[in-house]
Structure formats: C-alpha cells, structure tokens
Amino acid sequence: MIYIVLLVVILVAIGFVLVKKPKQAVVKPFPAEWHTLLLENVQFYRNLSEGKQIEFQKRIMQFLSKVYIEGVQLEITDLDKLLVASSAVIPVFGFNEWHYYNLSGVLLYPDNFNEDLEFADTASSRNIGGLVGTGRFENQMILSQKALYHGFSNATDKGNTGIHEFVHLIDKMDGLVDGVPEKLLGHKYAIPWLGLIHKKMEAINDDKSDIRQYGGTNQAEFFAVAAEYFFERPDLLKRKHPELYKMMEVCFNTKK
C-alpha cells in the first residue's frame with residue numbers, strides 16, 4: 001500500500017513540474033510616433049507633465065497587451081487603438097495599479113448602432129454609441145468609432161463616449177452597474193454619494209442643470225455622465241458643481 005501512495009505522490013510531483021505556467025501578456029515598447037498622435041488627439045495627455053506622459057504611455061501598452069481591439073467592417077488603425085486605450089486609462093490614471101479583469105476585448109463598429117447591434121444605413125434607431133456587453137458579449141465592450149472620435153475631438157461638450165463606457169465597466173466590477181462603484185468609493189462615502197446623485201438627478205430632470213440630460217436616466221448613467229464632465233471639463237465642473245467635483249476627486253483619486 002505504501003508503495004502505491006509513494007507512486008501517486010511522485011506522479012503528482014512530476015505533473016506539477018511538467019505543467020506549463022500560463023504565458024504572461026507581452027507588453028510591447030511604446031512606438032515613438034504614437035506620442036504625436038496622443039498630443040494631437042487626447043487633451044488629457046497633452047495636459048500631463050513629461051513624466052506623467054511617460055507613465056500614460058506605459059499604461060496604454062499594458063492595456064493593449066491584455067485587451068484585443070477588433071474592427072467590425074473596418075480596419076483598426078493606430079489612432080483607434082490609442083483612443084480606446086486612452087478611454088480606459090484616463091478614469092483610472094489616479095491609481096498605481098489597475099486591471100480591467102472584466103474585459104477581454106473591444107469591438108469597434110464604424111458607426112452608431114441599435115439594440116440589435118445593427119449599424120447599416122438601413123437599420124432603424126441607430127442611436128447607441130457604446131455599451132458594456134452582457135450575455136454572449138460578456139467581458140466585451142462595443143464602441144462606435146464615430147462616437148469614440150467625436151468624444152476626443154470636441155473639447156467643449158463635456159462628453160466622451162469611450163470614457164463613459166469604461167466608467168460603466170468600473171462600476172460593474174462590484175457586480176452591479178448601479179452608479180455606486182464600491183471599488184472606488186469607501187463605505188463612508190456611499191450614503192453622501194447617493195444623496196448627491198439624487199439631488200443632481202432631480203435638477204437635471206427639472207431642466208435646472210448643465211449636466212447632460214442623459215445623466216438623469218438612472219444612477220449608473222449619472223455616474224458615467226458626471227465622470228465624462230469631470231475628465232473633459234474639470235475646471236467648469238469645479239466652478240459649477242463644487243460638491244460633485246470634490247466627490248469625483250475622491251472617486252478617481254485625482255486630488256493633488
């Protein structure tokens with residue numbers, strides 16, 4: 001009997017030795033020419049110090065090493081990759097370590113799409129610029145290239161579709177897309193945050209706010225819309241909504 005036990009132990013040990021470790025994602029060097037593309041297209045990057053820009057570059061390459069970006073009826077360009085990756089990095093740039101463990105890939109459509117994910121000119125109700133996938137699209141995100149580019153090209157409209165969807169993804173990390181991101185906000189902030197959300201949503205729905213009307217839809221959409229405003233027009237948000245600005249600083253760890 002003892003010989004059988006020893007044989008099993010030896011075989012298990014050999015098995016551990018022979019089992020290969022999973023391959024680590026290879027983080028490629030940041031292409032030098034991408035620096036110019038970022039300067040020309042991403043205001044957040046343009047406003048960073050040189051040292052922070054290098055960190056931003058590093059974070060972009062880490063993201064691209066773990067998440068695939070696939071075009072649907074379009075060829076993916078370097079700018080596509082950079083704008084998707086920037087949308088992912090900007091909301092979490094205040095944290096030293098961040099991994100989107102609930103995302104494996106991003107599907108990029110050429111234009112806005114409808115609830116059936118149709119984007120052809122003949123399709124009706126093509127008013128969706130992005131969404132976080134569920135069901136068979138779990139761990140995927142779908143973005144409209146048109147909406148993605150618009151978000152980075154218009155620096156005055158307080159909106160950015162890419163950032164909006166990645167904020168939803170962050171919100172989803174605690175299991176619920178409910179506008180209360182437990183991964184970012186400590187418990188002591190939860191009740192004040194909910195109170196602030198409802199006050200601001202009421203103002204939006206009474207047409208007494210400059211926050212985009214879509215933010216009045218529900219708590220999750222308010223959080224994503226407020227985050228867009230925070231990263232696109234921080235000075236304006238600070239002036240018009242100081243309490244909300246301070247909460248966003250806490251949430252995204254950007255207070256200096």
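The chain is numbered in sequence order, starting from 1.
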J.: For N47, look at atom CG and say whether over 12 heavy atoms of other residues, nucleotides or ligands are found less than 6.0 Å away.
T.: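 It does: N47 CG has more than 12 such atoms within range.
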J.: Does S104 reach the main-chain N or O of N139 with its side chain, forming a donor-acceptor pair under 3.5 Å?
T.: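 Looks like yes, one N/O pair under 3.5 Å.
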J.: Give the minimum heavy-atom separation between P181 and G179, together with the two atoms involved.
T.: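 Where P181 meets G179 most closely, the heavy atoms are CD-O, 3.4 Å.
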J.: Roughly how far, to the nearest 0.5 Å, is CZ of R136 from OG1 of T134?
T.: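 It comes to 10.0 Å.
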J.: Throw together a table of side-chain donor-acceptor distances under 3.5 angstrom for residues 233-242, partners on residues two or more places apart or in other chains.
T.:
from: R233; atom 1: NH1; to: T156; atom 2: O; distance (Å): 3.0
from: H241; atom 1: ND1; to: K200; atom 2: NZ; distance (Å): 3.0
from: H241; atom 1: NE2; to: D210; atom 2: OD1; distance (Å): 2.6

J.: Kindly write out the residues that satisfy salt bridge (Lys or Arg N to Asp or Glu O under 4.0 Å) with E202, not counting sequence neighbours, or none if the list is empty.
T.: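 For E202 there are no salt bridge (Lys or Arg N to Asp or Glu O under 4.0 Å) partners, ignoring immediate neighbours.
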J.: Passes side chain to side chain contact (heavy atoms under 4.5 Å, CB included), W34 versus M61? Steps please.
T.: CA-CA 11 Å; W34 283 11; M61 299 314 291; 3.7 Å; yes
J.: What pairs of residues pass the side-chain hydrogen bond (donor to acceptor under 3.5 Å, both in side chains) test when at least one of them lies in residues 50-61, not counting sequence neighbours?
T.: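 As it turns out, the side-chain hydrogen bond (donor to acceptor under 3.5 Å, both in side chains) pairs with a partner in residues 50-61, which skip direct neighbours, are Y45-Q57.
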J.: Do F44 and V89 touch side chain to side chain, with heavy atoms closer than 4.5 Å?
T.: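 SC-SC contact between F44 and V89 ruled out.
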J.: Give the cluster check for Y101 versus I170: same hydrophobic cluster or not, with ILVMFWY residues linked at side-chain heavy-atom distances below 4.5 Å.
T.: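 Yes, Y101 connects to I170 through the hydrophobic network.
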J.: Only pairs at least two apart or in different chains count here, so list each side-chain hydrogen bond (donor to acceptor under 3.5 Å, both in side chains) that has a residue in residues 169-180.
T.: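 Sorted result for residues 169-180: E138-K172.
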J.: Rounded to the nearest 0.5 Å, what's the gap from CG on N160 to CG on L148? Could you check?
T.: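 Answer for the CG-CG pair, N160 versus L148, is 7.5 Å.
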J.: I'd like to check the side-chain hydrogen bond (donor to acceptor under 3.5 Å, both in side chains) partners of R212; sequence neighbours left out, ordered by chain and number.
T.: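 R212 satisfies side-chain hydrogen bond (donor to acceptor under 3.5 Å, both in side chains) with E228 once adjacent residues are dropped.
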J.: For W193, check side-chain hydrogen bond (donor to acceptor under 3.5 Å, both in side chains) against everything at least two apart and list the hits.
T.: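 Testing W193 for side-chain hydrogen bond (donor to acceptor under 3.5 Å, both in side chains), a comparison that skips the adjacent residues, returns none.
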J.: Would L176 and M173 show up in the same hydrophobic cluster when neighbours are defined by side-chain heavy atoms closer than 4.5 Å?
T.: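 Not linked; separate clusters.
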J.: Between the side chain of N102 and the main-chain N/O of L169, is any donor-acceptor distance below 3.5 Å?
T.: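 Yes, because the side chain of N102 sits within donor-acceptor range (under 3.5 Å) of the backbone of L169.
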J.: State which residues pass ring-ring contact (aromatic ring centres under 6.0 Å, His included) with Y68; sequence neighbours excluded, sorted by chain then number.
T.: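 Expected list: none.
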J.: Any side-chain heavy atom of L108 within less than 4.5 Å of one from L143?
T.: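 Answer yes - side chains close enough.
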J.: Below 4.5 Å, heavy atoms only, C-beta onward: do V177 and V132 meet side chain to side chain?
T.: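 When only atoms from C-beta onward are counted, V132 and V177 do not touch, as no gap falls below 4.5 Å.
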J.: Check V167 against F223 and note the closest heavy-atom contact, atom names and distance.
T.: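 Between these two residues, the closest heavy atoms are CG1-CE2, 3.3 Å.
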J.: Measuring only between side-chain heavy atoms, which start at C-beta, is L131 closer than 4.5 Å to F137?
T.: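 Of all side-chain heavy-atom pairs linking F137 with L131, none is under 4.5 Å.
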J.: Determine whether a donor-acceptor pair (N or O, by modelled atom type, separation under 3.5 Å) exists between the side chain of S65 and the backbone of Q62.
T.: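 Yes, S65 side chain to Q62 backbone: donor-acceptor pair under 3.5 Å.
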J.: Output the distance between atom CG (L37) and atom CG (L82), rounded to the nearest 0.5 Å.
T.: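 CG of L82 is found 6.0 Å from CG of L37.
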J.: Run the side chain to side chain contact (heavy atoms under 4.5 Å, CB included) check on F56 and I90 step by step: do they pass?
T.: CA-CA 9 Å; F56 194 91; I90 288 170; 3.9 Å; yes
J.: List in chain and number order the residues that pass side-chain hydrogen bond (donor to acceptor under 3.5 Å, both in side chains) with Q219, two or more places apart in sequence or in another chain; answer none if no residue qualifies.
T.: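 Q219: side-chain hydrogen bond (donor to acceptor under 3.5 Å, both in side chains) contacts with H198.
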J.: May I have all residue pairs that pass ring-ring contact (aromatic ring centres under 6.0 Å, His included) and include part of residues 141-162, sequence neighbours excluded?
T.: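 Counting only pairs at least two positions apart or across chains, no ring-ring contact (aromatic ring centres under 6.0 Å, His included) contact touches residues 141-162.
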J.: More than 12 foreign heavy atoms under 6.0 Å from CG of N96: is that the case here?
T.: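 Count not over threshold, so no.
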J.: Going by side-chain hydrogen bond (donor to acceptor under 3.5 Å, both in side chains), name the residues that satisfy it together with S153, two or more places apart in sequence or in a different chain.
T.: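 Partners of S153 under the side-chain hydrogen bond (donor to acceptor under 3.5 Å, both in side chains) test: none.
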J.: Could you tell me if the side chain of V42 sits less than 4.5 Å from the side chain of L83, heavy atoms only?
T.: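 Of all side-chain heavy-atom pairs linking V42 with L83, at least one is under 4.5 Å.
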J.: With a 4.5 Å limit on heavy-atom distance, are the side chains of I211 and L244 in contact?
T.: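 Yes. Closest side-chain heavy atoms under 4.5 Å.
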J.: When rounded to the nearest 0.5 angstrom, what distance separates OH in Y229 from OH in Y245?
T.: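 Going from the OH atom of Y229 to the OH atom of Y245 covers 12.0 Å.
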J.: Measure the shortest side-chain to side-chain distance between I60 and L38 over non-hydrogen atoms and say whether it is less than 4.5 angstrom.
T.: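 Of all side-chain heavy-atom pairs linking L38 with I60, at least one is under 4.5 Å.
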J.: In this structure, are over 12 heavy atoms from other groups packed under 6.0 Å from Q73 atom CD?
T.: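 Not more than 12 within 6.0 Å, no.
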J.: Could you grab the distance from atom CG of N114 to atom CD1 of I128, nearest 0.5 Å is fine?
T.: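 Reported value, rounded in 0.5 Å steps: 6.5 Å.
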J.: Test of understanding: clusters of I, L, V, M, F, W, Y form through side-chain heavy atoms closer than 4.5 Å, transitively. Do I54 and W98 belong to the same one?
T.: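 No: no chain of side-chain contacts under 4.5 Å links I54 to W98.
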J.: Among residues two or more places apart or on two chains, list those pairs meeting ring-ring contact (aromatic ring centres under 6.0 Å, His included) that have a residue in residues 162-184.
T.: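 Of all non-adjacent pairs touching residues 162-184, those that pass ring-ring contact (aromatic ring centres under 6.0 Å, His included) are F63-F166, Y100-F166, H164-H168.
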J.: Determine the minimum heavy-atom distance between S144 and D111, stating which atoms define it.
T.: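 Taking S144 first and D111 second, the nearest heavy atoms are OG-C, 3.3 Å.
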J.: Test your reading of the model: is there a side-chain donor-acceptor pair from N205 to the backbone of G216, 3.5 Å cut-off?
T.: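 Checked: pair present.
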J.: Does anything in residues 69-91 pair up under salt bridge (Lys or Arg N to Asp or Glu O under 4.0 Å), and if so which pairs, sequence neighbours excluded?
T.: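 Residue pairs with at least one partner in residues 69-91: there are none.
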J.: With rounding to the nearest 0.5 angstrom, report the CG to CZ distance, L196 to F222.
T.: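 It is 6.0 Å, given to the nearest 0.5 Å.
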J.: Could you tell me whether the side chain of I163 reaches within less than 4.5 Å of the side chain of P91, counting heavy atoms only?
T.: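 In contact.
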J.: Heavy atoms only: give me the nearest F230-T254 pair and the separation to one decimal.
T.: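 Taking every non-hydrogen atom into account, CZ-OG1, 3.3 Å.
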J.: To check you understand the geometry: which heavy-atom pair defines the closest contact between F252 and A227, and what is its length?
T.: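 In terms of heavy atoms, the two residues are closest at CZ-CB, 3.8 Å.
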